[in-house]
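To keep things clear, I will list the structure first and then write my remarks on it.
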Amino acid sequence: METDDAPCLTTVENLPENDSFLFTVRERDGSEEEVVLVHGDDCITAWKNFCQHETDQRLDRGFGAAMRDGDIICPKHGSMFDGCSGHCDNGKAAGSTLVSVDVTVDDGAVYLTDRTCEFAHEGGIEEDDEDDMPSSSSHLSF
Ligand code: FES
């Protein structure tokens, strides 16, 4: 896979085995989607950041995906997904496979080479926190 124009996500050195890196991509329809890049058992792969049992459950909740022996562990019910194939053969998510995002390792660097989306930014989807503004008290009357 050509990496000439592909954005560099990180380096293999910065992503030790059983570690993960969260980033956000923009899909063709303009929507944003979180992706978790993982270093599994002799592989580096990327997956959309949600479980296949309950798709509103994030695998990486903003502080790294839980991983053991190259498997990604769902934080809700503990199903383990193979970090290389994305497949799960245990627990509530048994028989399912994570949604993959194409990445390519070239000369020690990891590139996003998925043609269906583009890199937006590191980290998860930024919440629009305008709704969290403290409400004005100027309308109080006595
Ligand atoms: S939500 Fe992931 S195993 Fe249930």
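Note that ligands are numbered from 1 as they come in the structure, with each ligand's atoms numbered from 1 the same way.
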For ligand 1, which atoms, with element, lie under 4.0 Å from some heavy atom of Ser79?
3 (S)

Spell out, yes or no, whether Leu37 and Leu59 are grouped together once hydrophobic residues are joined by side-chain heavy atoms under 4.5 Å, including indirect joins.
no

Check this for me: Asp19, atom CG, are more than 12 non-hydrogen atoms of other residues, nucleotides or ligands nearer than 6.0 Å?
yes

Provide the number and element of each atom of ligand 1 under 4.0 Å from a heavy atom of Glu54.
1 (S)

Atom nearest to atom 4 (Fe) of ligand 1 - His77, N, O or S atoms considered:
ND1

Which is the closest N/O/S atom of His53 when seen from atom 4 (Fe) of ligand 1?
ND1

Pair Cys84-Cys43, disulfide bond (SG atoms under 2.5 Å apart): steps then yes or no:
CA-CA 6 Å; Cys84 293; Cys43 64; 2.0 Å; yes

With atom 2 (Fe) of ligand 1 at the centre, find the angle made by SG from Cys74 and SG from Cys51, to 10°.
110°

Is it true that Glu27 and Lys48 have a side-chain N and a carboxylate O under 4.0 angstrom from each other?
yes

Taking side chain as C-beta onward, heavy atoms only, is Trp47 less than 4.5 Å from Val101?
no

